[in-house]
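Both counts, for ligands and for their atoms, begin at 1 and track the order of listing. Here, residue 1 is the first one in the sequence, and each next residue gets the next number. Side-chain atoms are counted along with the backbone in the values below, which use heavy atoms only and exclude waters and symmetry mates.
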Amino acid sequence: MTPMTREHALALDAADTLAPLRRQFDLPDDAVDGLIYLDGNSLGMLPRATAARVAQVITQEWGRGLIGSWNSAGWMAQPARIGDKIATLVGAGPGELVVADSTSVNLFKVLSAALAIQREDAPTRRVIVSERSNFPTDLYIAQSLCRQHGCGLRLVDTPAEIPAALDADCAVLMLTQVNYRTGALHDMAALSAAAHAAGALALWDLAHSAGALPVALNADGADFAVGCGYKYLNGGPGAPAFAWVRPGLVDRFVQPLSGWLGHAAPFAFDPDYRPAPGIARYVCGTPPVLAMAALECGVDTLLAAAKLGGMAALRAKSLALTRLFIDTVAARCAGQGLLLVSPDADAQRGSQVCLAFAGDSAAGRANAAYAVVQALIARGVVGDFRAGDPASGLADILRFGVTPLTTRFVDVWDAVERLRDVLASGQWREPRFAQRGAVT
Ligand SMILES: *Cc1c(COP(=O)(O)O)cnc(C)c1O
């Protein structure tokens with residue numbers, strides 16, 4: 001076991017070859033004394049380059065270049081160009097991935113494609129398999145498509161139930177690679193292979209994995225993928241998302257949001273839709289140029305890690321950070337009723353640590369997870385609360401995301417010390433910490 005001292009955490013930071021990457025960001029601790037941000041898995045930090053780049057797009061490209069900038073500033077090429085950059089982070093090839101719309105909208109497109117392909121190849125397969133604890137928007141989109149296509153959604157309660165759910169009715173296995181509530185990481189290669197062996201297609205949501213850990217879409221046999229721009233890709237609030245389709249499948253289906261910029265020749269203004277070849281057909285309308293410029297700055301912060309070992313090195317640091325978090329909680333918060341909800345095995349954990357309170361602890365009896373997260377925020381530790389579901393036996397969760405580009409080992413140590421203080425002092429019981437905002 002590692003010696004648990006603040007000095008030890010500082011020594012780990014001093015030895016960290018990725019530490020300089022942190023300077024790419026406008027760090028809140030420069031402005032707000034002692035702020036520790038452990039929520040990059042909900043909204044990534046602001047890169048230093050972003051404000052100037054977006055200002056340049058506004059004042060120069062838009063202000064001076066006006067409509068000519070669609071060509072001269074490469075605006076029209078953004079979905080493919082930024083897509084190629086993201087492709088290098090998720091094991092996809094050039095020309096295979098586009099940036100467009102939101103994760104929810106892209107999921108609608110790729111899930112429609114998967115269902116349509118199965119309707120041709122295996123019309124009796126009419127079930128989408130997913131997890132009840134998947135992020136709700138994924139389930140809502142699937143429910144809508146089930147209504148339109150006369151299909152069913154089959155939800156499993158634990159990953160162990162997935163293989164048995166892949167039966168002769170299953171058309172698509174739709175999973176989020178890292179579970180947003182627990183941080184549990186699926187084995188993409190094994191589950192894609194299991195889906196294929198059962199005659200199903202494998203669709204992956206990379207919202208909590210793109211930019212957080214190495215992803216190998218082609219090598220691991222994925223068929224479809226979507227991912228989020230504002231989490232680990234640091235693209236800013238509401239950043240555009242991305243879509244990827246296995247090259248062998250991409251031309252088989254015309255996704256249903258057949259807008260003009262997914263047309264083979266948009267500027268022919270042909271009254272009849274003809275899809276562009278390849279992934280370009282997954283673009284619907286005009287790219288949000290300002291948001292795209294911000295997203296590109298965010299993606300560039302990850303590409304900057306390439307010379308220091310890339311995603312593999314970032315993953316090693318992420319695991320060292322979450323390991324330190326777990327071990328420090330065990331050592332320093334013993335007796336406070338905290339349970340580890342994330343997998344303890346490194347290979348099964350994404351880039352976050354989720355905790356819950358044992359039902360028979362003081363905090364557990366008081367349903368204190370929300371108040372504890374608020375009390376921590378008041379002490380400068382920004383994590384988040386995710387509501388449980390008593391009907392499914394899921395506890396309320398305290399979630400702490402680490403982002404290896406920015407999180408330091410000493411941040412982990414200090415965050416756990418403040419958690420210990422909030423619990424040991426009973427400060428979370430103050431009424432002000434029970435008040436709820438619209439966004440939690
Ligand atoms: C964050 C997240 C989304 C976000 O979808 P939006 O369309 O951007 O709101 C979707 N799916 C998962 C699994 C997520 O974690």
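For the pair Q352 (side chain) and Y180 (backbone), a donor-acceptor distance under 3.5 Å is present.
Those atoms of ligand 1 with a heavy atom of A207 less than 4.0 angstrom away are 2 (C), 12 (C), 13 (C), 14 (C), 15 (O). For ligand 1 and S102, the ligand atoms under 4.0 Å from any heavy atom of the residue are 7 (O).
When hydrogens are left out, the protein atom nearest atom 7 (O) of ligand 1 is S104 OG, 2.6 Å; that is the closest non-hydrogen contact. At the top of the distance list for atom 8 (O) of ligand 1, counting protein heavy atoms only, stands Y230 OH, 2.8 Å. Ranking protein heavy atoms by distance to atom 3 (C) of ligand 1, first place goes to K231 NZ, 3.6 Å.
For the atom pair F400 CZ and C354 SG, the distance stands at 9.0 Å (nearest 0.5 Å).
Below 3.5 Å of separation, one finds no N or O of T137 facing any N or O of ligand 1. Checked against a 3.5 angstrom limit, the closest N/O atoms of D138 and ligand 1 fall inside it. For ligand 1, the polar-atom distance check against H208 finds a nitrogen or oxygen pair separated by under 3.5 Å.
Contacts between T176 and ligand 1 below 4.0 angstrom, taking non-hydrogen atoms only, involve the side chain exclusively.
Checked against the 6.0 Å centroid threshold, W70 and F267 do not count as a close aromatic pair.
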Stepwise side chain to side chain donor-acceptor pair (under 3.5 Å) check, S192 with W204: CA-CA 9 Å; S192 298; W204 292 92; 3.0 Å; yes

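Annotation: cation-pi pair K231/F242 absent, no NZ/CZ under 6.0 Å from the ring centroid and within 45° of its normal.
The pair R125-D169 does not count as a salt bridge, with every side-chain nitrogen at least 4.0 angstrom from each carboxylate oxygen. Under the 4.0 Å criterion applied to side-chain N and carboxylate O atoms, E120 and R252 are assigned as salt-bridge partners.
Around atom 5 (O) of ligand 1, the closest heavy atom drawn from I141, D205, T103 belongs to T103.
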